[in-house]
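One structure below.
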Amino acid sequence: METNDLKLMAREQFDYLKKGTVEIINEEELLARLERSLRERRPLRIKAGFDPTAPDIHLGHTVLLRKMKHFQDLGHEVIFLIGDFTGLIGDPSGRSVTRKPMTREEINRNAETYRQQIFKILDPEKTIVDFNSRWLGSLTSFEIITLTAKYTVARLLERDDFALRLKGGLPIGVHEILYPLMQAYDSVALRADVELGGTDQKFNLLVGRDIQREFGQEPQIVITMPLLEGLDGVEKMSKSLGNYVGITEPPKEIYGKIMSISDPLMFRYYELLTDIKLDQIEAWRKEAEAGRINPRDLKARLAWLIVADFWGKEEADKAAREFDRVFRQKGMPEEMNEIAISFLSAEKEELSLNIVDLLVNYRLAPSRSEAKRLIRQGGVDLNGQRIEDINFRIDFSQSKEHILRLGKKKFFRLKRTD
RNA sequence: GGGCAGGUACCAAAGUGGCCAAAUGGGGCGGGCUGUAAACCCGCUGGGGAAACCCUUCGGAGGUUCGAAUCCUUCCCUGCCCA
(Lines give C-alpha, C1' and ligand atoms only; values in the text may rest on other atoms or scores of the structure.)
Protein backbone atom coordinates (compact mmCIF):
# COMPACT_ATOMS: atom_id res chain seq x y z
CA MET A 1 0.00 0.00 0.00
CA GLU A 2 1.13 3.53 -0.70
CA THR A 3 2.69 5.42 2.17
CA ASN A 4 0.37 8.30 1.56
CA ASP A 5 -2.69 6.09 1.83
CA LEU A 6 -1.44 4.78 5.13
CA LYS A 7 -0.91 8.28 6.38
CA LEU A 8 -4.42 9.17 5.39
CA MET A 9 -5.94 6.13 7.03
CA ALA A 10 -3.97 6.72 10.19
CA ARG A 11 -5.18 10.29 10.21
CA GLU A 12 -8.74 9.10 9.85
CA GLN A 13 -8.37 6.70 12.77
CA PHE A 14 -6.73 9.39 14.82
CA ASP A 15 -9.58 11.82 14.34
CA TYR A 16 -12.13 9.19 15.25
CA LEU A 17 -10.22 8.35 18.41
CA LYS A 18 -9.60 11.90 19.46
CA LYS A 19 -13.24 12.80 19.72
CA GLY A 20 -14.29 13.34 23.31
CA THR A 21 -10.83 12.91 24.81
CA VAL A 22 -9.38 15.43 27.22
CA GLU A 23 -5.76 14.84 26.41
CA ILE A 24 -3.57 12.60 24.30
CA ILE A 25 0.06 12.28 25.32
CA ASN A 26 1.14 12.61 22.85
CA GLU A 27 -0.68 13.11 19.61
CA GLU A 28 2.25 12.67 17.21
CA GLU A 29 3.20 9.41 18.84
CA LEU A 30 -0.30 8.09 18.50
CA LEU A 31 -0.47 9.10 14.89
CA ALA A 32 2.86 7.46 14.18
CA ARG A 33 1.91 4.31 15.95
CA LEU A 34 -1.41 4.05 14.19
CA GLU A 35 0.42 4.35 10.93
CA ARG A 36 2.88 1.65 11.87
CA SER A 37 0.08 -0.58 13.02
CA LEU A 38 -1.54 -0.25 9.63
CA ARG A 39 1.71 -0.84 7.79
CA GLU A 40 2.63 -3.91 9.79
CA ARG A 41 -0.95 -5.09 10.04
CA ARG A 42 -0.52 -5.42 13.75
CA PRO A 43 -3.28 -4.04 15.99
CA LEU A 44 -2.37 -1.78 18.90
CA ARG A 45 -2.77 -3.08 22.40
CA ILE A 46 -5.11 -0.87 24.39
CA LYS A 47 -5.23 -1.16 28.14
CA ALA A 48 -7.75 0.18 30.64
CA GLY A 49 -7.83 -0.86 34.26
CA PHE A 50 -10.83 -1.31 36.50
CA ASP A 51 -11.27 -1.76 40.22
CA PRO A 52 -12.76 -5.14 41.15
CA THR A 53 -14.50 -3.80 44.24
CA ALA A 54 -17.25 -1.99 42.39
CA PRO A 55 -18.70 -4.31 39.80
CA ASP A 56 -21.63 -2.00 39.28
CA ILE A 57 -20.93 -0.24 36.05
CA HIS A 58 -22.45 3.20 35.87
CA LEU A 59 -22.71 5.90 33.25
CA GLY A 60 -19.37 7.34 34.40
CA HIS A 61 -17.61 4.16 33.32
CA THR A 62 -19.32 4.18 29.98
CA VAL A 63 -17.41 7.27 28.89
CA LEU A 64 -14.26 5.18 29.00
CA LEU A 65 -15.90 2.04 27.68
CA ARG A 66 -17.15 3.94 24.65
CA LYS A 67 -13.64 5.01 23.85
CA MET A 68 -12.48 1.41 24.19
CA LYS A 69 -15.23 0.50 21.79
CA HIS A 70 -13.93 3.02 19.31
CA PHE A 71 -10.57 1.27 19.32
CA GLN A 72 -12.31 -2.03 18.77
CA ASP A 73 -14.22 -0.58 15.88
CA LEU A 74 -10.88 0.13 14.25
CA GLY A 75 -9.66 -3.39 14.81
CA HIS A 76 -7.35 -2.80 17.74
CA GLU A 77 -6.90 -5.13 20.66
CA VAL A 78 -8.64 -3.96 23.79
CA ILE A 79 -7.69 -5.32 27.19
CA PHE A 80 -10.14 -4.90 30.01
CA LEU A 81 -7.83 -5.24 32.96
CA ILE A 82 -9.30 -6.06 36.33
CA GLY A 83 -7.09 -4.84 39.13
CA ASP A 84 -7.73 -7.84 41.30
CA PHE A 85 -4.31 -7.66 42.92
CA THR A 86 -5.29 -4.49 44.75
CA GLY A 87 -8.50 -6.20 45.73
CA LEU A 88 -6.65 -9.12 47.20
CA ILE A 89 -4.42 -6.99 49.39
CA GLY A 90 -7.26 -4.61 50.29
CA ASP A 91 -7.03 -1.15 48.85
CA PRO A 92 -7.42 1.33 51.73
CA SER A 93 -7.92 4.41 49.62
CA GLY A 94 -11.44 4.93 50.98
CA ARG A 95 -9.52 5.81 54.12
CA SER A 96 -12.37 5.97 56.63
CA VAL A 97 -12.47 2.26 57.28
CA THR A 98 -9.84 -0.29 56.41
CA ARG A 99 -11.32 -2.21 53.60
CA LYS A 100 -11.54 -5.93 54.02
CA PRO A 101 -9.32 -7.79 51.63
CA MET A 102 -11.51 -9.53 49.10
CA THR A 103 -11.42 -13.23 48.60
CA ARG A 104 -10.60 -14.86 45.30
CA GLU A 105 -14.22 -15.97 45.02
CA GLU A 106 -15.60 -12.49 45.53
CA ILE A 107 -13.26 -11.13 42.93
CA ASN A 108 -14.20 -13.81 40.47
CA ARG A 109 -17.82 -13.13 41.06
CA ASN A 110 -17.30 -9.42 40.52
CA ALA A 111 -15.33 -10.14 37.38
CA GLU A 112 -18.23 -12.16 36.09
CA THR A 113 -20.61 -9.29 36.82
CA TYR A 114 -18.28 -6.97 34.97
CA ARG A 115 -18.30 -9.26 31.99
CA GLN A 116 -22.05 -9.26 31.81
CA GLN A 117 -22.19 -5.49 31.99
CA ILE A 118 -19.34 -4.30 29.79
CA PHE A 119 -20.60 -6.27 26.85
CA LYS A 120 -23.57 -3.96 26.68
CA ILE A 121 -20.98 -1.68 25.14
CA LEU A 122 -17.90 -3.66 24.18
CA ASP A 123 -17.72 -6.44 21.65
CA PRO A 124 -17.39 -9.72 23.55
CA GLU A 125 -15.55 -11.34 20.65
CA LYS A 126 -12.87 -8.71 20.61
CA THR A 127 -12.36 -7.97 24.28
CA ILE A 128 -9.59 -9.53 26.32
CA VAL A 129 -10.36 -9.65 30.02
CA ASP A 130 -7.27 -10.02 32.15
CA PHE A 131 -6.27 -9.85 35.81
CA ASN A 132 -3.18 -8.13 37.11
CA SER A 133 -2.64 -10.67 39.86
CA ARG A 134 -1.45 -12.89 37.06
CA TRP A 135 1.90 -11.09 37.05
CA LEU A 136 1.85 -8.92 40.17
CA GLY A 137 1.04 -11.87 42.39
CA SER A 138 4.19 -13.71 41.49
CA LEU A 139 6.69 -10.86 41.70
CA THR A 140 9.47 -11.64 44.17
CA SER A 141 10.48 -9.07 46.75
CA PHE A 142 13.69 -8.66 44.82
CA GLU A 143 11.73 -7.79 41.70
CA ILE A 144 9.54 -5.38 43.62
CA ILE A 145 12.55 -3.57 45.07
CA THR A 146 14.09 -3.42 41.63
CA LEU A 147 10.90 -1.91 40.33
CA THR A 148 10.71 0.71 43.09
CA ALA A 149 14.35 1.62 42.49
CA LYS A 150 13.32 2.92 39.10
CA TYR A 151 11.38 5.81 40.53
CA THR A 152 11.82 8.41 43.25
CA VAL A 153 9.71 9.31 46.25
CA ALA A 154 9.65 12.96 45.26
CA ARG A 155 8.18 12.10 41.90
CA LEU A 156 5.53 9.91 43.46
CA LEU A 157 4.58 12.57 45.96
CA GLU A 158 4.18 15.12 43.19
CA ARG A 159 0.86 13.59 42.48
CA ASP A 160 -1.89 15.97 43.35
CA ASP A 161 -3.90 13.95 45.83
CA PHE A 162 -0.77 12.92 47.70
CA ALA A 163 0.45 16.50 47.78
CA LEU A 164 -2.92 17.60 49.12
CA ARG A 165 -3.07 14.91 51.73
CA LEU A 166 0.47 15.66 52.81
CA LYS A 167 -0.41 19.30 53.16
CA GLY A 168 -3.63 18.54 54.98
CA GLY A 169 -1.88 16.32 57.48
CA LEU A 170 -3.67 13.20 56.31
CA PRO A 171 -2.04 9.79 56.35
CA ILE A 172 -0.53 8.23 53.26
CA GLY A 173 0.17 4.51 53.42
CA VAL A 174 3.39 3.24 51.89
CA HIS A 175 1.45 0.82 49.73
CA GLU A 176 -0.51 3.76 48.37
CA ILE A 177 2.55 5.42 46.92
CA LEU A 178 3.54 2.04 45.56
CA TYR A 179 0.26 1.76 43.75
CA PRO A 180 1.20 3.85 40.70
CA LEU A 181 4.27 1.68 40.23
CA MET A 182 2.19 -1.47 40.27
CA GLN A 183 -0.21 -0.03 37.75
CA ALA A 184 2.75 1.05 35.65
CA TYR A 185 4.11 -2.46 35.78
CA ASP A 186 0.82 -3.70 34.36
CA SER A 187 1.62 -1.75 31.24
CA VAL A 188 5.02 -3.41 31.08
CA ALA A 189 3.53 -6.87 31.52
CA LEU A 190 0.93 -6.24 28.85
CA ARG A 191 3.24 -4.33 26.53
CA ALA A 192 0.51 -1.72 26.23
CA ASP A 193 0.60 0.67 23.30
CA VAL A 194 -2.09 2.87 24.72
CA GLU A 195 -3.58 3.23 28.16
CA LEU A 196 -6.96 4.83 28.70
CA GLY A 197 -8.17 6.39 31.90
CA GLY A 198 -10.11 9.21 33.48
CA THR A 199 -8.38 12.53 33.95
CA ASP A 200 -7.88 11.59 37.60
CA GLN A 201 -5.68 8.75 36.36
CA LYS A 202 -3.28 10.97 34.45
CA PHE A 203 -0.50 10.67 36.97
CA ASN A 204 -0.63 6.88 37.14
CA LEU A 205 -0.82 6.65 33.38
CA LEU A 206 2.25 8.80 32.98
CA VAL A 207 4.23 6.75 35.47
CA GLY A 208 3.43 3.87 33.14
CA ARG A 209 5.32 5.62 30.37
CA ASP A 210 8.38 6.16 32.54
CA ILE A 211 8.46 2.62 33.83
CA GLN A 212 7.98 1.08 30.40
CA ARG A 213 10.93 3.13 29.20
CA GLU A 214 12.95 1.82 32.14
CA PHE A 215 12.11 -1.70 31.04
CA GLY A 216 13.25 -0.94 27.53
CA GLN A 217 9.77 -0.70 26.07
CA GLU A 218 8.27 1.97 23.94
CA PRO A 219 6.28 4.21 26.28
CA GLN A 220 2.53 3.86 26.02
CA ILE A 221 0.39 6.63 24.69
CA VAL A 222 -1.79 8.07 27.38
CA ILE A 223 -5.35 9.07 26.64
CA THR A 224 -7.46 10.68 29.31
CA MET A 225 -11.21 10.91 29.21
CA PRO A 226 -13.35 13.43 31.06
CA LEU A 227 -14.85 12.41 34.37
CA LEU A 228 -18.58 12.42 34.30
CA GLU A 229 -20.22 14.48 36.99
CA GLY A 230 -22.76 12.61 39.08
CA LEU A 231 -26.43 13.44 39.38
CA ASP A 232 -25.62 16.21 41.84
CA GLY A 233 -23.64 17.92 39.12
CA VAL A 234 -20.70 18.54 41.39
CA GLU A 235 -18.89 15.39 42.45
CA LYS A 236 -17.74 12.83 39.98
CA MET A 237 -20.15 10.00 39.46
CA SER A 238 -19.44 7.21 41.87
CA LYS A 239 -21.27 4.48 43.61
CA SER A 240 -20.05 5.44 47.05
CA LEU A 241 -21.41 8.96 46.66
CA GLY A 242 -24.72 7.56 45.54
CA ASN A 243 -24.95 9.99 42.65
CA TYR A 244 -24.78 7.41 39.91
CA VAL A 245 -26.88 5.71 37.30
CA GLY A 246 -26.05 2.04 36.97
CA ILE A 247 -26.39 0.63 33.49
CA THR A 248 -28.24 -2.42 34.76
CA GLU A 249 -30.82 -0.37 36.59
CA PRO A 250 -34.41 -0.76 35.41
CA PRO A 251 -35.38 1.56 32.55
CA LYS A 252 -37.72 3.71 34.58
CA GLU A 253 -35.04 4.23 37.22
CA ILE A 254 -32.54 5.40 34.66
CA TYR A 255 -35.12 7.58 33.02
CA GLY A 256 -36.19 9.13 36.31
CA LYS A 257 -32.67 9.79 37.45
CA ILE A 258 -31.78 11.53 34.22
CA MET A 259 -34.91 13.67 34.48
CA SER A 260 -33.81 14.90 37.88
CA ILE A 261 -30.52 16.42 36.77
CA SER A 262 -29.99 20.13 36.36
CA ASP A 263 -30.16 21.82 32.97
CA PRO A 264 -26.44 22.59 32.64
CA LEU A 265 -25.65 19.00 33.54
CA MET A 266 -28.03 17.81 30.88
CA PHE A 267 -25.91 19.35 28.15
CA ARG A 268 -22.81 17.81 29.64
CA TYR A 269 -24.47 14.41 29.57
CA TYR A 270 -25.48 14.93 25.98
CA GLU A 271 -21.87 15.57 25.19
CA LEU A 272 -20.37 12.62 27.02
CA LEU A 273 -23.07 10.00 26.84
CA THR A 274 -24.61 10.31 23.41
CA ASP A 275 -23.48 10.46 19.84
CA ILE A 276 -25.24 13.74 19.23
CA LYS A 277 -22.91 16.14 17.46
CA LEU A 278 -21.45 19.00 19.43
CA ASP A 279 -22.89 21.74 17.25
CA GLN A 280 -26.35 20.25 17.56
CA ILE A 281 -26.04 20.27 21.35
CA GLU A 282 -24.85 23.84 21.21
CA ALA A 283 -27.82 24.82 19.08
CA TRP A 284 -30.22 23.25 21.55
CA ARG A 285 -28.60 25.05 24.39
CA LYS A 286 -29.19 28.37 22.65
CA GLU A 287 -32.78 27.47 21.83
CA ALA A 288 -33.43 26.56 25.42
CA GLU A 289 -31.86 29.74 26.69
CA ALA A 290 -33.97 31.76 24.32
CA GLY A 291 -37.06 30.00 25.57
CA ARG A 292 -37.91 28.58 22.17
CA ILE A 293 -37.58 25.07 23.42
CA ASN A 294 -38.61 23.61 26.75
CA PRO A 295 -35.56 22.19 28.54
CA ARG A 296 -37.82 19.51 29.89
CA ASP A 297 -38.32 18.11 26.42
CA LEU A 298 -34.61 18.05 25.76
CA LYS A 299 -34.09 16.26 29.00
CA ALA A 300 -36.77 13.72 28.18
CA ARG A 301 -35.01 13.06 24.89
CA LEU A 302 -31.71 12.54 26.67
CA ALA A 303 -33.28 10.17 29.15
CA TRP A 304 -34.84 8.26 26.29
CA LEU A 305 -31.54 7.98 24.44
CA ILE A 306 -29.69 6.67 27.45
CA VAL A 307 -32.33 4.12 28.33
CA ALA A 308 -32.45 2.99 24.70
CA ASP A 309 -28.69 2.43 24.78
CA PHE A 310 -28.93 -0.19 27.45
CA TRP A 311 -32.46 -1.52 27.13
CA GLY A 312 -33.59 -0.83 23.61
CA LYS A 313 -36.15 1.53 22.10
CA GLU A 314 -39.26 -0.20 23.30
CA GLU A 315 -38.21 -0.07 26.90
CA ALA A 316 -37.25 3.56 26.45
CA ASP A 317 -40.70 4.37 25.09
CA LYS A 318 -42.28 2.57 27.97
CA ALA A 319 -40.17 4.40 30.52
CA ALA A 320 -41.08 7.73 28.96
CA ARG A 321 -44.81 6.96 29.04
CA GLU A 322 -44.58 5.74 32.59
CA PHE A 323 -42.76 8.85 33.66
CA ASP A 324 -45.37 11.11 32.14
CA ARG A 325 -48.17 9.24 33.78
CA VAL A 326 -46.67 9.20 37.25
CA PHE A 327 -45.08 12.59 37.47
CA ARG A 328 -46.77 14.86 34.99
CA GLN A 329 -50.26 13.51 35.46
CA LYS A 330 -49.62 12.47 39.04
CA GLY A 331 -50.89 9.00 38.36
CA MET A 332 -49.75 5.62 39.50
CA PRO A 333 -46.90 3.71 37.99
CA GLU A 334 -47.86 0.70 35.91
CA GLU A 335 -45.74 -1.70 37.88
CA MET A 336 -44.68 -1.34 41.43
CA ASN A 337 -43.01 -3.42 44.03
CA GLU A 338 -45.46 -5.72 45.62
CA ILE A 339 -45.38 -6.47 49.29
CA ALA A 340 -47.14 -9.54 50.51
CA ILE A 341 -48.82 -8.89 53.82
CA SER A 342 -49.61 -12.00 55.76
CA PHE A 343 -51.50 -12.20 58.99
CA LEU A 344 -50.77 -14.76 61.63
CA SER A 345 -53.84 -16.76 62.51
CA ALA A 346 -53.90 -15.10 65.91
CA GLU A 347 -54.25 -11.73 64.25
CA LYS A 348 -56.90 -12.82 61.83
CA GLU A 349 -59.64 -11.14 63.86
CA GLU A 350 -58.12 -7.77 63.30
CA LEU A 351 -56.85 -7.80 59.76
CA SER A 352 -55.35 -4.40 60.19
CA LEU A 353 -51.82 -3.26 60.61
CA ASN A 354 -50.30 -0.26 62.31
CA ILE A 355 -48.57 1.94 59.76
CA VAL A 356 -45.35 2.25 61.75
CA ASP A 357 -45.16 -1.50 62.31
CA LEU A 358 -45.66 -2.04 58.63
CA LEU A 359 -42.90 0.33 57.60
CA VAL A 360 -40.43 -1.21 59.99
CA ASN A 361 -41.38 -4.86 59.60
CA TYR A 362 -41.22 -4.74 55.85
CA ARG A 363 -37.99 -2.79 55.97
CA LEU A 364 -39.37 0.31 54.33
CA ALA A 365 -37.89 2.35 57.17
CA PRO A 366 -34.73 1.57 59.14
CA SER A 367 -36.20 2.32 62.57
CA ARG A 368 -39.45 3.22 64.23
CA SER A 369 -38.23 6.75 64.85
CA GLU A 370 -37.47 7.11 61.18
CA ALA A 371 -40.87 5.76 60.23
CA LYS A 372 -42.67 8.17 62.55
CA ARG A 373 -40.63 11.04 61.26
CA LEU A 374 -41.59 10.20 57.71
CA ILE A 375 -45.28 10.13 58.65
CA ARG A 376 -45.19 13.32 60.69
CA GLN A 377 -43.55 15.12 57.82
CA GLY A 378 -46.24 14.13 55.42
CA GLY A 379 -44.17 11.70 53.40
CA VAL A 380 -46.54 8.75 53.59
CA ASP A 381 -49.69 8.30 51.64
CA LEU A 382 -52.11 5.45 51.27
CA ASN A 383 -54.37 5.15 48.23
CA GLY A 384 -53.83 8.84 47.52
CA GLN A 385 -54.60 10.00 51.05
CA ARG A 386 -51.86 11.46 53.18
CA ILE A 387 -51.45 9.67 56.48
CA GLU A 388 -50.67 12.01 59.33
CA ASP A 389 -51.36 9.89 62.38
CA ILE A 390 -48.63 7.53 63.48
CA ASN A 391 -51.28 5.32 65.07
CA PHE A 392 -53.08 4.87 61.79
CA ARG A 393 -54.02 1.29 61.04
CA ILE A 394 -54.25 -0.02 57.56
CA ASP A 395 -57.36 -2.07 57.24
CA PHE A 396 -57.19 -5.20 55.16
CA SER A 397 -60.58 -6.58 56.02
CA GLN A 398 -62.51 -4.68 53.34
CA SER A 399 -59.97 -4.56 50.55
CA LYS A 400 -57.04 -6.84 50.21
CA GLU A 401 -54.93 -4.33 48.40
CA HIS A 402 -53.59 -0.87 49.12
CA ILE A 403 -51.22 1.45 47.35
CA LEU A 404 -48.57 2.93 49.60
CA ARG A 405 -46.45 5.85 48.57
CA LEU A 406 -43.32 6.93 50.45
CA GLY A 407 -41.88 10.28 49.55
CA LYS A 408 -42.50 11.27 45.97
CA LYS A 409 -41.05 8.37 44.14
CA LYS A 410 -41.49 5.14 46.00
CA PHE A 411 -44.66 3.19 45.37
CA PHE A 412 -45.62 -0.16 46.85
CA ARG A 413 -48.57 -2.40 46.34
CA LEU A 414 -49.57 -3.97 49.63
CA LYS A 415 -51.36 -7.21 49.06
CA ARG A 416 -52.91 -9.33 51.73
CA THR A 417 -52.16 -12.99 51.33
CA ASP A 418 -54.23 -15.53 53.16
C1' G B 1 14.44 7.43 69.99
C1' G B 2 12.95 12.74 71.87
C1' G B 3 9.41 16.95 71.84
C1' C B 4 4.57 18.79 70.45
C1' A B 5 -0.53 18.70 68.62
C1' G B 6 -4.73 15.82 67.82
C1' G B 7 -8.80 11.45 67.62
C1' U B 8 -16.43 14.20 68.83
C1' A B 9 -22.48 11.94 65.07
C1' C B 10 -22.54 10.14 57.63
C1' C B 11 -18.45 14.13 56.69
C1' A B 12 -16.16 18.71 58.45
C1' A B 13 -16.02 21.15 62.97
C1' A B 14 -17.47 23.61 68.08
C1' G B 15 -17.87 22.07 73.02
C1' U B 16 -12.82 21.44 78.07
C1' G B 17 -17.04 18.88 84.94
C1' G B 18 -23.92 19.35 85.35
C1' C B 19 -27.98 23.78 81.17
C1' C B 20 -24.95 17.91 76.01
C1' A B 21 -28.29 13.33 72.25
C1' A B 22 -23.94 17.32 71.85
C1' A B 23 -23.62 24.36 68.50
C1' U B 24 -22.73 25.35 63.24
C1' G B 25 -21.92 24.01 58.07
C1' G B 26 -22.17 20.15 54.35
C1' G B 27 -24.65 15.73 53.04
C1' G B 28 -29.14 12.89 53.48
C1' C B 29 -34.49 12.57 54.18
C1' G B 30 -39.55 14.85 54.13
C1' G B 31 -42.65 19.02 52.69
C1' G B 32 -43.50 23.58 49.52
C1' C B 33 -42.55 25.80 44.60
C1' U B 34 -41.51 23.47 39.70
C1' G B 35 -40.29 20.82 34.40
C1' U B 36 -40.03 14.54 39.72
C1' A B 37 -35.80 20.35 37.10
C1' A B 38 -31.86 23.38 39.21
C1' A B 39 -31.97 27.43 42.56
C1' C B 40 -34.81 28.82 46.69
C1' C B 41 -38.00 28.37 51.31
C1' C B 42 -39.61 25.35 55.69
C1' G B 43 -38.89 21.04 58.76
C1' C B 44 -36.33 16.58 60.34
C1' U B 45 -31.70 13.97 60.89
C1' G B 46 -28.95 7.96 67.67
C1' G B 47 -32.72 4.31 69.63
C1' G B 48 -37.44 3.27 72.41
C1' G B 49 -42.05 5.95 73.82
C1' A B 50 -48.60 9.06 72.37
C1' A B 51 -46.10 11.91 75.94
C1' A B 52 -43.52 12.60 80.38
C1' C B 53 -39.32 10.41 80.18
C1' C B 54 -35.86 6.38 79.65
C1' C B 55 -31.64 3.84 77.17
C1' U B 56 -26.92 3.82 74.20
C1' U B 57 -23.04 7.34 72.09
C1' C B 58 -17.76 11.82 71.89
C1' G B 59 -10.64 6.43 69.71
C1' G B 60 -10.36 1.55 73.44
C1' A B 61 -10.03 -0.06 78.56
C1' G B 62 -9.89 1.34 83.58
C1' G B 63 -10.33 5.24 87.47
C1' U B 64 -11.80 10.09 90.23
C1' U B 65 -16.74 12.38 91.12
C1' C B 66 -23.39 12.74 93.47
C1' G B 67 -22.45 13.70 88.05
C1' A B 68 -17.49 12.92 82.64
C1' A B 69 -17.21 14.29 75.57
C1' U B 70 -14.87 17.44 79.35
C1' C B 71 -10.30 15.53 85.00
C1' C B 72 -6.55 11.22 85.90
C1' U B 73 -4.01 6.46 84.30
C1' U B 74 -2.98 3.34 80.42
C1' C B 75 -3.28 1.39 75.59
C1' C B 76 -4.27 2.12 70.28
C1' C B 77 -4.31 5.47 66.06
C1' U B 78 -2.90 10.13 63.18
C1' G B 79 -0.10 14.51 61.99
C1' C B 80 4.05 18.02 62.81
C1' C B 81 9.14 19.18 64.45
C1' C B 82 13.96 17.18 65.89
C1' A B 83 17.20 12.78 65.41
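Residue numbering restarts at 1 for every chain, and letters A, B, ... go by the order of the sequence lines.
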Run the side-chain contact (heavy atoms from CB on, under 4.5 Å) test against A:Ala303 and tell me which residues pass, sequence neighbours left out. A:Tyr255, A:Ile258, A:Met259
B:G46 and B:U36, which share atom name P, separated by this distance in whole Å: 32 Å
Between A:Glu282 and A:Arg285, does any side-chain N to carboxylate O distance fall below 4.0 Å? yes
Non-neighbouring partners of A:Arg321 that pass side-chain hydrogen bond (donor to acceptor under 3.5 Å, both in side chains), sequence neighbours left out: none
When A:His76 is tested against each of A:Lys126, A:Gln13, A:Arg45 for side-chain hydrogen bond (donor to acceptor under 3.5 Å, both in side chains), which residue passes? A:Gln13
For B:C10, the Watson-Crick or wobble counterpart (both distances under 3.5 Å): B:G26
I'd like the P distance from B:U64 over to B:C72, given in whole Å. 15 Å
With ring-ring contact (aromatic ring centres under 6.0 Å, His included) as the rule and sequence neighbours excluded, what pairs involving residues 374-398 of chain A come up? A:Phe343-A:Phe396, A:Phe396-A:His402
Take A:Tyr255 and A:Asn391, find for each the nucleotide of RNA chain B with the closest heavy atom, and name the residue whose nucleotide sits nearer the 5' end. A:Tyr255
Only pairs with both distances under 3.5 Å count, Watson-Crick or wobble alike; so what is the partner of B:A5 in this structure? B:U78
Looking only at B:G47, B:G49, B:U36, the nucleotide nearest the A:Arg368 side chain is B:G49
For B:A69 and B:U8, measure between their C1' atoms and round to the nearest Å. 7 Å
With P as the reference atom in both, quote the distance from B:C75 to B:C4 in angstrom, rounded to an integer. 16 Å
Whole angstrom value for the distance that separates P of B:U78 from CD of A:Glu176: 12 Å
Comparing A:Pro295 and A:Val360 on RNA chain B - which has the more 5′ nearest nucleotide: A:Pro295
Residues passing the side-chain hydrogen bond (donor to acceptor under 3.5 Å, both in side chains) test with A:Glu235, sequence neighbours excluded, are none
In whole Å, what is the span from the CG atom of A:Asn354 to the P atom of B:G49? 10 Å
Whole-Å gap separating C1' (B:A38) and CG (A:Asn243): 16 Å
Just to be sure I understand the rule, does A:Ile390 reach a base, reach only the sugar-phosphate, or reach nothing, if contact means heavy atoms closer than 4.0 Å? sugar-phosphate
Once hydrogens and angles are ignored, does a donor-acceptor distance under 3.5 Å link the base of B:G35 to the side chain of A:Asp263? yes
A:Phe162 CZ to B:G79 C1', straight-line distance once rounded to whole Å: 17 Å
Closer than 4.0 angstrom, basic N to acidic O: yes or no for A:Lys69 and A:Asp73? yes
For B:C55 versus B:A21, give the span between their P atoms, rounded off to a whole number of Å. 11 Å
Can you tell me if A:Ser260 touches the phosphate of B:U36, counting only side-chain N or O atoms and a distance under 4.0 Å to OP1 or OP2? no
Between CD1 of A:Ile261 and C1' of B:A38 the distance, given in whole Å, is 10 Å
What distance, rounded to whole Å, do you find between the two P atoms, one in B:G67 and one in B:G1? 39 Å
Return the pairing partner of B:A69 with a 3.5 Å limit on both distances, Watson-Crick or G-U wobble; otherwise return none. none
Which parts of nucleotides 25-32 of chain B does protein reach within less than 4.0 Å, heavy atoms only, written one letter per nucleotide 5' to 3' as B for base, S for sugar-phosphate only and - for none? -----SSS
Could you check which nucleotide pairs with B:C40 in any of the strands shown, counting Watson-Crick or G-U wobble with both distances under 3.5 Å? B:G32
Please determine whether a side-chain nitrogen of the Lys or Arg among A:Arg155 and A:Glu158 lies less than 4.0 Å from a carboxylate oxygen of the Asp or Glu. no
For nucleotides B:G25 and B:U45, find the distance between their C1' atoms and express it as a whole number of Å. 14 Å
A:Ser367 side-chain proximity, nearest of B:A50, B:U78, B:G47: B:G47
Per A:Ser369 side chain, nearest of listed nucleotides B:G48, B:G35, B:U36: B:G48
Roughly how many Å apart are B:C11 and B:C58, using the C1' atom of each and rounding to a whole number? 15 Å
Can you see if the side chain of A:Lys372 gets near the phosphate of B:G48 - specifically, an N or O under 4.0 Å from OP1 or OP2? no
Atom CD1 of A:Ile293 and atom C1' of B:G35 are separated, to the nearest Å, by 14 Å
On the nucleotide B:U36, are OP1 or OP2 found under 4.0 Å from the side-chain N or O atoms that A:Lys299 carries? no
Rounded to whole angstroms, how far apart are CD1 on A:Ile172 and P on B:U78? 13 Å
Please collect all side-chain hydrogen bond (donor to acceptor under 3.5 Å, both in side chains) contacts where either partner lies in residues 300-310 of chain A, sequence neighbours excluded, each pair once. A:Arg66-A:Asp309, A:Trp304-A:Asp317
Round to the nearest Å and state the distance from A:Glu289 atom CD to B:G35 atom P. 19 Å
